[in-house]
S.K.: 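Provided herewith is a single structure, encoded as structure tokens, for subsequent inquiry.
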Amino acid sequence: MEFCNLKAQYAEYQVEIDAAISKVLKESRYINGPEVSELESALTAFVGSQAIACANGTDALQLALMALDIGPGDEVITTPFTFIATAEMIALVGATPVFVDIKEDDFNMNPELIEAKITSNTKAIIAVSLYGQVSDMDEINVIAEKHNLTVIEDAAQSFGATYKGNRSCNLSRIATTSFFPAKPLGCYGDGGAVFTNDKELEEKVRCLRNHGQVKRYHHGLVGINSRLDTLQAAVLIVKLKYYEKEITQRQTNAAYYSELLNTKVQTPGVMEDKASVWAQYTIRVENRDQIQSALSEANIPSAVHYPMPLHLQECFANLGGKKGDFPIAEKVSRQVMSLPMSAHLTEDEQDLVAQTLKGQP
Ligand SMILES: *Cc1c(COP(=O)(O)O)cnc(C)c1O
């Protein structure tokens, strides 16, 4: 069984994807080819916010922070229960990540804990939409507005998700996503995008992702090289056409898991007003090692997102985080495990996962 069945997905769209790749090869416009702006238009129409494609989701965060002039002396509030890139990019631009604990029901940042962490140096809040479900963006936006902060949504796992009818990536001033192959909408290598409806920020991100260039060999800003490859754009144009259908299938698969498993383990909840794209289907168990090895013996892959919260990571030792600082993040990091999930997961596979799980004490 595949954890994320990219082989079956490719087989379904193979004719179109092969043709799209072949067209790029024939035209040989590998950087800034026409597919890149075509993809940006399609992403913009899908999300409702202007897309700027870039090389990966980590760069997208860096570009957003750079466009907001966040750097040394600034603080950015975020969650300790996320992939490293979120806090890593805050530190990389020279700012300080400031963590707040998460909510036990959806694993996302607890808005009630934010205000206590705001100082005169706070510039932004990065709300991560973990496992495919967006944070409490209304509450977070209200706090940000009151204190004149910018909200960045790290939507690397939630592209396509909705909150009160609006899409993830269109719920705050600026947002970022990733098209890493295993994300809900993935390309065939690295890819990402920044989203904003703020024209000035859009122009700045476009400039920063291409060496700060304003016209050929004239550089207005110190930027980075973070363009999206034409080949990746061509793949994404095809996959985006089928993405809505895939989201529905992921939701069906998640509902079936919950139906099979909710008497056995703690299954993930979807909050009111929200629709998840199920980047991960993540359960909570007390005997994780044992369950993972039982699944592994049955050739069922599983994963832990994430075993160590960021305040306890060696690279952030300088921030002085210690055990006990964020009790919910620490507790769930010992309990969570993700089961195979994709639009191409079959009912038979899910039955096998459930049967194996239920055979455990
Ligand atoms: C995957 C991910 C990223 C980074 O995306 P890449 O494309 O791998 O650089 C950032 N934040 C979160 C929450 C992610 O899951």
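Ligands are counted one by one from 1 in listed order, and the atoms in each one are counted from 1 as well. This structure is a prediction, so every number in the text was calculated from the model and none was measured.
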S.K.: As an exercise, identify every atom of ligand 1 less than 4.0 angstrom from a heavy atom of T82.
M.R.: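 Listed by number with element, the hits are 13 (C).
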S.K.: Check whether the side chains of E246 and Q9 place a donor and an acceptor atom closer than 3.5 Å, and report yes or no.
M.R.: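 Present: a donor and an acceptor within the cut-off.
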S.K.: Any idea which protein heavy atom is nearest atom 9 (O) of ligand 1, and the distance to it?
M.R.: T58 OG1, 2.5 Å
S.K.: I need the nearest protein heavy-atom contact for atom 11 (N) of ligand 1: residue, atom name and distance, please.
M.R.: D154 OD2, 2.8 Å
S.K.: Ignoring hydrogens and geometry beyond distance, is a side-chain donor-acceptor pair present between T230 and R29 at under 3.5 Å?
M.R.: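 No, because no side-chain N or O of T230 sits under 3.5 Å from a partner of the opposite role on R29.
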S.K.: Starting from atom 15 (O) of ligand 1, which protein heavy atom do you reach first, and at what distance in Å?
M.R.: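 Nearest neighbour among protein heavy atoms for atom 15 (O) of ligand 1, to 0.1 Å: K183 NZ, 2.6 Å.
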S.K.: Please name the pair of heavy atoms, one in P301 and one in E2, separated by the smallest distance, quoted to 0.1 Å.
M.R.: CG-C, 3.9 Å
S.K.: Provide the number and element of each atom of ligand 1 under 4.0 Å from a heavy atom of V128.
M.R.: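 Per the distance check, 13 (C).
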S.K.: Using a 3.5 Å distance criterion without hydrogens, assess whether the side chain of T196 forms a donor-acceptor pair with backbone atoms of L201.
M.R.: no
S.K.: Can a side-chain donor-acceptor contact be found between D106 and Y131 if the only test is distance below 3.5 angstrom?
M.R.: no
S.K.: Going by distance alone, is a donor N or O of one side chain under 3.5 Å from an acceptor N or O of the other, for E16 and Y242?
M.R.: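 E16 vs Y242: donor-acceptor pair found between side chains.
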S.K.: On the 0 to 90° scale, with breaks at 30° and 60°, tag the Y243-F46 ring pair as parallel, tilted or perpendicular.
M.R.: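 Rings of Y243 and F46: tilted, 30 to 60°.
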S.K.: With heavy atoms of N56 as the reference, note each atom of ligand 1 found under 4.0 Å away.
M.R.: 7 (O), 9 (O)
S.K.: Would D190 count as a polar contact of ligand 1, with the cut-off being nitrogen or oxygen pairs under 3.5 Å?
M.R.: no
S.K.: So if I count the atoms of ligand 1 from 1 in the order they appear, which ones are less than 4.0 Å from some heavy atom of G57?
M.R.: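 Within the 4.0 Å cut-off of G57, ligand 1 contributes 4 (C), 5 (O), 6 (P), 7 (O), 9 (O).
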S.K.: I want to know if ligand 1 touches S178 in the polar sense, i.e. an N/O pair below 3.5 angstrom.
M.R.: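 Yes - when backbone and side-chain N and O of S178 are compared with those of ligand 1, one distance drops under 3.5 Å.
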